Amino acid sequence: MTTLEDLLKIPHFSDLKLLTHPAQINTIVESIEISETPDVANFIPKRIFLLTTAMVYKDNQQALISLIDSLKEQEAAGIGIKVGRFIEAIDPEVVAYANKIKFPIVQVPSTQPLGALLHQLLNYLWDTKTEQLSYALDIQKRFSDLLIHDVSIARFIADFGKMINTPVILLSPYRKVIAHSKHFTQTSKPAEYYVEQLVEKYKHWNEDSHASFIINDLNQQPLQIAGFSVTVNTYFPHYLLILNPEQVPYPMSEFAVEQACLVLSFMLYKNQKVQESLDLLKSDFLSQLIEHQQTPHQVQRDWLDLGANYGLKKSTQYQIVYAVCNQTTTTATKIKYQQEESDVAFQWLEESLPLRLKNTSVFKIKNTNHLAILIQSKVNDLEQILQEISLQLSDKLPITLTFALGNLYETAEQIASSFIEAKTAYEETLAMTETPLIHRYHPKGMKSLFEKMSAEDVHYFCETTLKELAYPIEDSFIELRKTLKCYLSFQCEISKTAKEMYLHRNTIKYRIDHCAKLLGKNIQDPINSLNLRLALELSERSNQH
């Protein structure tokens, strides 16, 4: 990549004089052309440096402004005008206009033949491109050797930083330093020092695949950083940061960075697939544990031994936390996004939880994008820790983790119970208007079985079971209902019921016999007793609504 500034710095072209502001000569030059045609801009590609004698403008230099406008629109690198043949000197008004629109004008002396100048400039460009190609092929070969020898990502980043002789950092999707070149071992500040500045100053820099940033170095002087996306997933890329890219020795071409990003994509993808196969085994283990522990009369298994490779520990405290990425209206239909989001959240939890909690293990739940956290120690401030971990992730990426908590159990054989409770708690949040960040499981008893039934079905069950006692209006039926409810709550014992209601036991016996005759069933029968108690509860609750 050669700029007009590079060309003008070459001693051989020292007689070329820049007439416009020096800051404007950083334009890229890809080719050189000679033309005397006023509409030449219609026939040239971009990034051309045009040489001309301005023959057609000898009597009207103001018309050069139109030529300059057309070249600027075509993104030309600049114009070199030969003086002394048709034009003695370039009009200051033309130079002023070029300065205004930031378009370089170079004065070519009369002693310099344009044909020879064209040839010399093109030779330099071609030599440069050959040098760049040679460098690119050398970079490619060195990268290939590293891949063949299956080096680690840390080793690759260290070698890449050495190749381009400038500090390099590789970041995870949530801005954690995965690897960095050895330049940081020689300074008083680690790689994280620069990343923290970058994240703080540029909140949304992840939106660009290639971006440039300015932060402060150790001496509080401006430091340039170039950032490149390393695409492993579609929505959550990794990032390659190159510090002081302007100091990279020539000919460091974009090809080298592109190749590095490509190789890193491959290495990260390979590592990801290897890890996914291990995570699948872990997921299968959790599924088998849950399924087996829910099977009646199951054969006893040593789950601690079977789960040793998956983080299962001997403890007296076992608890499952069900973790889910909360969906928005935008992401609810994006299946690929949800999968990648869950993978990033899984990695985040695997790295964050051990720093806050002892003996935890994170599982991907089979055939879902949900996660299960197994906690194997008692934690007094668990909810606060989970909330902080969720907020830290959402501060870095547009991912909101919500948690549903099962109860604590004392043995590994009860992990399934905590899992079912945690999953039930999560399912409860689906019916809520606003999804809470953390929701605990609360036992509901037998009445919860009827929660999804319609009011009509509940009403029918109560009336067929209790008949006139379901929704009584008459005082006699109201008293009979009260007696029946008290009688059932004392396990059908007349004496205790009489004592509770301050009535004679014969009165209670008479009322219960009357209830049995009214309902047409034996109240002491266990099945009838259960149905009657349930109907009494449901009818009472529906009356309250």
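Values in this document were obtained by computation on a predicted structure and should not be read as measured data.
- When side chains are defined from C-beta on, Q224 does not count as touching N244, because their heavy atoms never get closer than 4.5 Å.
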- Task: Test side chain to side chain donor-acceptor pair (under 3.5 Å) on S539 and R481 and set out the steps.
- Result: CA-CA 11 Å; S539 58; R481 178 187 167 97; 2.9 Å; yes

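- Under a 3.5 Å cut-off, the side chain of S265 and the backbone N or O of C261 do form a donor-acceptor pair.
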- Assess whether side-chain contact (heavy atoms from CB on, under 4.5 Å) is satisfied between L484 and L519, documenting all intermediate values. CA-CA 11 Å; L484 177 62; L519 300 173; 4.2 Å; yes

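- Remark: the backbone N or O of Y310 is paired with a side-chain donor or acceptor of S361 at under 3.5 angstrom.
- Interatomic distance, Q259 CD to R142 CZ, rounded to the nearest 0.5 Å: 13.5 Å.
- Relative orientation of the F156 and F143 rings is tilted, given thresholds of 30° and 60° on the angle between their planes.
- Note that SG of C486 is 9.0 Å distant from CG of L503, once rounded to the nearest 0.5 Å.
- No hydrogens or angles considered: nothing links the side chains of T360 and Q376 as a donor-acceptor pair under 3.5 Å.
- With hydrogens and angles ignored, the 3.5 Å screen pairs no side-chain donor or acceptor of S229 with any backbone N or O of T231.
- Annotation: side chain of I399 is in contact with side chain of F236 (closest heavy-atom distance under 4.5 Å).
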- Task: Begin from the C-alpha positions of Q414 and S417 and carry the test side chain to side chain donor-acceptor pair (under 3.5 Å) through to its verdict.
- Result: CA-CA 5 Å; Q414 296 172 294; S417 298; 5.9 Å; no

- Query: Given L534 and L530, is the side-chain contact (heavy atoms from CB on, under 4.5 Å) satisfied, shown in steps?
  - Reply: CA-CA 6 Å; L534 191 57; L530 176 63; 5.5 Å; no

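- Aromatic pair H439/Y426: ring centres not closer than 6.0 Å.
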- Message: Under the criterion side-chain contact (heavy atoms from CB on, under 4.5 Å), I'd like the reasoning laid out for L397 against R175: C-alpha separation, chi angles, the key distance, then a yes or no.
- Response: CA-CA 9 Å; L397 290 173; R175 317 292 181 270; 4.2 Å; yes

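- You'll find the side chain of Y194 stays beyond 4.5 Å of the side chain of L241, heavy atoms only.
- F363 carries K282 over the face of its six-membered ring, with the cationic atom under 6.0 Å from the centre and within 45° of the normal.
- Judged by distance alone, the side chain of T328 and the main-chain N or O of T331 form a donor-acceptor pair under 3.5 Å.
- M267 has its side chain within reach of V151: a pair of non-hydrogen atoms, C-beta onward, lies under 4.5 Å apart.
- A side-chain N or O of Y174 and one of E351 form a donor-acceptor pair less than 3.5 Å apart.
- By the 4.5 Å heavy-atom criterion applied to side chains, L405 and E383 are counted as neighbours.
- Of all non-hydrogen atoms in A323 and I373, the two that sit nearest each other are CB-CD1, 4.3 Å.
- Contact between L171 and H238 at its shortest, heavy atoms only, is O-CB, 3.3 Å.
- Under a 3.5 Å cut-off, the side chain of N528 and the backbone N or O of N522 do form a donor-acceptor pair.
- Using a 4.5 Å heavy-atom threshold, the side chains of Y471 and E463 count as touching.
- How far CG of L357 is from NZ of K378: 14.5 Å, rounded to the nearest 0.5 Å.
- Looking only at atom types and distance, the side chain of Q275 has no donor-acceptor partner in the side chain of N271 under 3.5 Å away.
- Looking at S390, its side chain never comes within 3.5 Å of a backbone N or O of L386 through a donor-acceptor pair.
- Because its NZ or CZ atom is both nearer than 6.0 Å to the ring centre of F346 and within 45° of the ring axis, K364 counts as a cation-pi partner of that residue.
- H292 contributes no side-chain N or O that, together with a main-chain N or O of Q288, makes up a donor-acceptor pair within less than 3.5 Å.
- Using modelled atom types, one finds no donor on one side chain facing an acceptor on the other under 3.5 Å when comparing Q339 with Y235.
- Between Y409 and Y318, the ring center distance fails the sub-6.0 Å criterion.
- Take R356 and apply the salt bridge (Lys or Arg N to Asp or Glu O under 4.0 Å) test, not counting sequence neighbours, and it matches E388.
- Here the straight-line distance linking atom OH of Y510 with atom CD1 of I494 works out to 14.5 Å at 0.5 Å rounding.
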- Test side-chain contact (heavy atoms from CB on, under 4.5 Å) applied to L170 and H180, step by step: CA-CA 6 Å; L170 179 65; H180 57 75; over 6 Å; no

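- For E421 (side chain) and N407 (main-chain N/O), a donor-acceptor pair under 3.5 Å exists by modelled atom type.
- The distance from atom CG of N165 to atom CZ of F160, rounded to the nearest 0.5 Å, is 12.0 Å.
- In this structure, the side chains of L312 and I415 come closer than 4.5 Å at one or more pairs of heavy atoms.
- Judged by distance alone, the side chains of S489 and R533 never bring a donor and an acceptor atom under 3.5 Å apart.
- Ionic pairing of K485 and E540 is present here: one or more N-O contacts between side-chain nitrogen and carboxylate oxygen are shorter than 4.0 angstrom.
- The CG atom of L469 lies 10.5 Å from the CD1 atom of I478; values are rounded to the nearest 0.5 Å.
- At distances below 3.5 Å, at least one donor-acceptor pair connects side-chain atoms of Q197 with backbone N or O atoms of N216.
- Between the side chain of T402 and the backbone N or O of L437, no donor-acceptor pair lies under 3.5 Å.
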